[in-house]
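Order of listing sets the numbers, starting from 1, for every ligand and every atom in it.
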Amino acid sequence: MIIAVDGPAASGKGTIARALAEHYRLPHLDTGLLYRAVGLSVARAGGDPDSQAEALTGCHFDESIFSDPELRSEATGALASRVSIHPAVREALVKRQRDFADQPAGAVLDGRDIGTVIAPHAPVKLYVTASAEKRAERRMLELQQRGLNPDFDALVADIRARDDRDMNRPIAPLRQAEGAALLDTSDLSIEAAVRQAIALVDAQLEGQRQG
Ligand code: C5P
């Protein structure tokens with residue numbers, strides 16, 4: 001069984017995907033980390049993330065980058081969103097994601113184009129979203145817990161800019177895949193969002209059993 005989870009930054013899709021993987025005992029891939037790895041590698045090599053040719057060199061990243069704490073920073077998220085608009089970069093990362101999705105055990109993948117491009121054949125699809133303000137609030141709490149003091153308006157602006165880039169790029173834009181169940185987490189606790197996600201997955205599976 002493949003579960004495709006898509007949605008914008010800080011919508012809760014990562015937490016939900018991890019919880020679904022645990023609940024259904026499936027391996028999980030956070031595909032955003034691949035784009036982050038490319039963005040961070042390019043920046044560290046002094047390359048320009050907006051140049052397709054230079055961004056492409058970042059696709060040969062060393063696997064050790066996945067344990068680098070900088071991979072999960074806001075700055076790396078923005079770099080990821082810049083390199084991810086290049087078709088050649090997306091193409092270079094497709095096989096790894098499809099191989100993960102198609103492993104015999106099944107899988108949960110979360111990202112922006114899982115239900116539309118990577119695994120359109122996934123029997124279960126979720127589109128997780130939340131208002132930009134709620135997402136900025138969550139980011140703010142997360143950063144405060146790490147001892148930082150972020151500016152709320154700047155966080156909202158960053159989130160809107162990332163949404164705009166992800167939703168309006170010509171290749172694999174972020175959108176709700178056909179057949180994907182919508183889960184708006186704006187007013188939900190993590191526990192409630194996970195409960196609803198499991199209920200939506202079960203409903204899609206049940207719908208398929210009944211043909
Ligand atoms: O999910 P995360 O915030 O880690 O993703 C970072 C960026 O990587 C996103 O803003 C998006 O531009 C890009 N991305 C993508 N396709 C995916 C996953 C992430 O374009 N499947």
Exercise. Do Asp50 and Arg82 meet the salt-bridge criterion of a basic N to acidic O distance under 4.0 Å?
Worked result: yes
For this session: May I ask you to decide whether Arg139 forms a salt bridge with Asp158, counting only side-chain N to carboxylate O separations under 4.0 Å?
Result: no
Exercise. Quick one: does Lys13 get within less than 4.0 Å of ligand 1, heavy atoms only?
Worked result: yes
Exercise. So which heavy atom in the protein is nearest atom 4 (O) of ligand 1, and how far is it from that ligand atom?
Worked result: Arg36 NE, 2.6 Å
Exercise. Got a sec: does the CD of Glu178 have more than 12 other heavy atoms crowding it under 6.0 Å?
Worked result: no
For this session: Examine the proximity of ligand 1 to Arg82 and report which part, side chain or backbone, both or neither, has a heavy atom under 4.0 Å away.
Result: neither
Exercise. Are any of the N or O atoms of Asp30 closer than 3.5 Å to those of ligand 1?
Worked result: no
Exercise. Among protein heavy atoms, which sits nearest to atom 12 (O) of ligand 1, and what does the distance come to when rounded to 0.1 Å?
Worked result: Asp166 OD1, 2.6 Å
Exercise. How far is atom 16 (N) of ligand 1 from its nearest protein heavy atom, and which residue and atom name does that atom have?
Worked result: Arg90 NH2, 3.1 Å
Exercise. Closest non-hydrogen protein atom to atom 18 (C) of ligand 1, residue and atom name please, with distance?
Worked result: Thr31 OG1, 3.5 Å
Problem set entry | Protein residue, atom and distance nearest to atom 7 (C) of ligand 1, heavy-atom basis | Ala80 CB, 3.6 Å
Problem set entry | Residue, atom name and distance, where the atom is the protein heavy atom closest to atom 8 (O) of ligand 1 | Tyr35 CB, 3.5 Å
Seminar exercise, completed: Any heavy atom of Ser81 under 4.0 Å from ligand 1? The part involved is both
Exercise. Is there a donor-acceptor contact under 3.5 Å linking the side chains of Arg135 and Thr129?
Worked result: no
Problem set entry | Pair Glu70-Ser73, side-chain donor/acceptor within less than 3.5 Å | yes
Exercise. Just by distance, with hydrogens left out, do Asp110 and His28 show a side-chain donor and acceptor under 3.5 Å apart?
Worked result: yes
Problem set entry | salt_bridge(Glu133, Arg160) N-O dist < 4.0 Å | yes
Exercise. Just checking, any donor-acceptor pair under 3.5 angstrom between side chains of Gln208 and Gln204?
Worked result: no
Exercise. Which atoms of ligand 1 sit under 4.0 Å from any heavy atom of Ser84?
Worked result: 11 (C), 12 (O), 13 (C), 20 (O)
Exercise. Asp202 and Tyr24: side-chain donor and acceptor closer than 3.5 Å?
Worked result: yes
Exercise. To which protein heavy atom is atom 3 (O) of ligand 1 closest, and what is the distance rounded to 0.1 Å?
Worked result: Arg162 NH1, 3.0 Å
For this session: Could you see which bit of Arg112 sits under 4.0 Å from ligand 1, with heavy atoms only: side chain, backbone, both or neither?
Result: both
